[in-house]
Amino acid sequence: MISTSAVVITPREVPELPLTKLYGPEDSSDVVLEQFGLVSQVLAFTSLRVATLTLEPRGAWSIVFTNGVKVKLGREEILERLQRFIAVYKSDLSGRIDQITSVDARYPHGVAVGWKKNK
């Protein structure tokens with residue numbers, strides 16, 4: 001668990017709470033918490049909620065939303081890429097969210113969508 005001042009707390013038992021899970025390399029809690037705050041501000045006026053936010057050891061960010069969609073944001077222009085995803089999500093994807101497995105927002109002018117295979 002992480003406090004609002006980015007201090008990592010390790011309780012003996014972790015209760016099952018509906019909290020966002022934040023992941024990152026050791027000693028990155030302050031960066032991950034700050035990015036979570038910025039991401040939350042960008043998402044404030046959407047129906048999207050973060051289930052997990054991950055900072056990979058190589059510096060790439062990814063989000064898994066509570067609806068199950070994973071979005072790769074990469075290492076640079078994280079908030080701009082997130083806003084691009086939100087625009088595409090609102091205009092084209094929200095009605096088909098159950099058909100999507102992942103979205104790659106690392107492209108400069110759009111996103112790539114991973115679709116579930118039809119059974």
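The ring pair (Phe, Tyr, Trp, His ring centres under 6.0 Å) contacts involving residues 85-104 comprise Phe65-Phe85, Phe85-Tyr89, where partners must be two or more places apart or lie in separate chains.
Of all heavy-atom pairs between Phe36 and Val50, the closest is CE1-CB, 4.3 Å. Ala105 approaches Val71 most closely through the heavy-atom pair CB-CG1, 4.2 Å. When all heavy atoms of Pro57 and Pro25 are compared, the closest pair comes out as CA-CG, 3.8 Å.
Expressed to the nearest 0.5 Å, how far CZ of Arg49 lies from CG of Asn67 amounts to 11.0 Å. Remark: Leu73 CG to Thr54 OG1 distance equals 10.5 Å, nearest 0.5 Å.
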List, one per line, each side-chain donor-acceptor pair under 3.5 Å for residues 41-48, sequence neighbours excluded.
unit_1 : atom_1 : unit_2 : atom_2 : d
Thr46  : OG1    : Leu43  : O      : 2.9
Thr46  : OG1    : Leu48  : N      : 3.1

Cut-off 3.5 Å, no hydrogens considered: what does the side-chain donor-acceptor table look like for residues 90-104, sequence neighbours left out?
unit_1 : atom_1 : unit_2 : atom_2 : d
Ser91  : OG     : Ala87  : O      : 3.1
Ser91  : OG     : Val88  : O      : 3.4
Arg96  : NE     : Asp92  : O      : 3.4
Arg96  : NH2    : Asp92  : O      : 3.2
Thr101 : OG1    : Gly114 : O      : 3.0
Asp104 : OD1    : Arg106 : N      : 3.0
Asp104 : OD1    : Arg106 : NE     : 2.8
Asp104 : OD2    : Arg106 : NE     : 3.3
Asp104 : OD2    : Arg106 : NH2    : 2.7

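The backbone N or O of Glu76 sits less than 3.5 Å from a side-chain atom of Arg81, completing a donor-acceptor pair.
Every residue meeting the side chain to side chain contact (heavy atoms under 4.5 Å, CB included) condition with Ala60, not counting sequence neighbours, appears here in chain and number order: Glu56, Arg75. Listed by chain and number, the residues in a side chain to side chain contact (heavy atoms under 4.5 Å, CB included) with Glu80 are Glu77 (sequence neighbours excluded).
The hydrophobic clustering, which links ILVMFWY residues whose side-chain heavy atoms are closer than 4.5 Å, places Tyr107 and Leu82 apart. By the rule that hydrophobic residues join a cluster once side-chain heavy atoms approach within less than 4.5 Å of another member, Tyr23 and Val39 end up as members of separate clusters. Residues Val31 and Ile78 fall within the same hydrophobic cluster, defined by Ile, Leu, Val, Met, Phe, Trp and Tyr side chains chained together at heavy-atom separations under 4.5 Å.
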Pair Leu53, Trp61 - check side-chain contact (heavy atoms from CB on, under 4.5 Å), show working. CA-CA 7 Å; Leu53 175 65; Trp61 291 91; 3.8 Å; yes
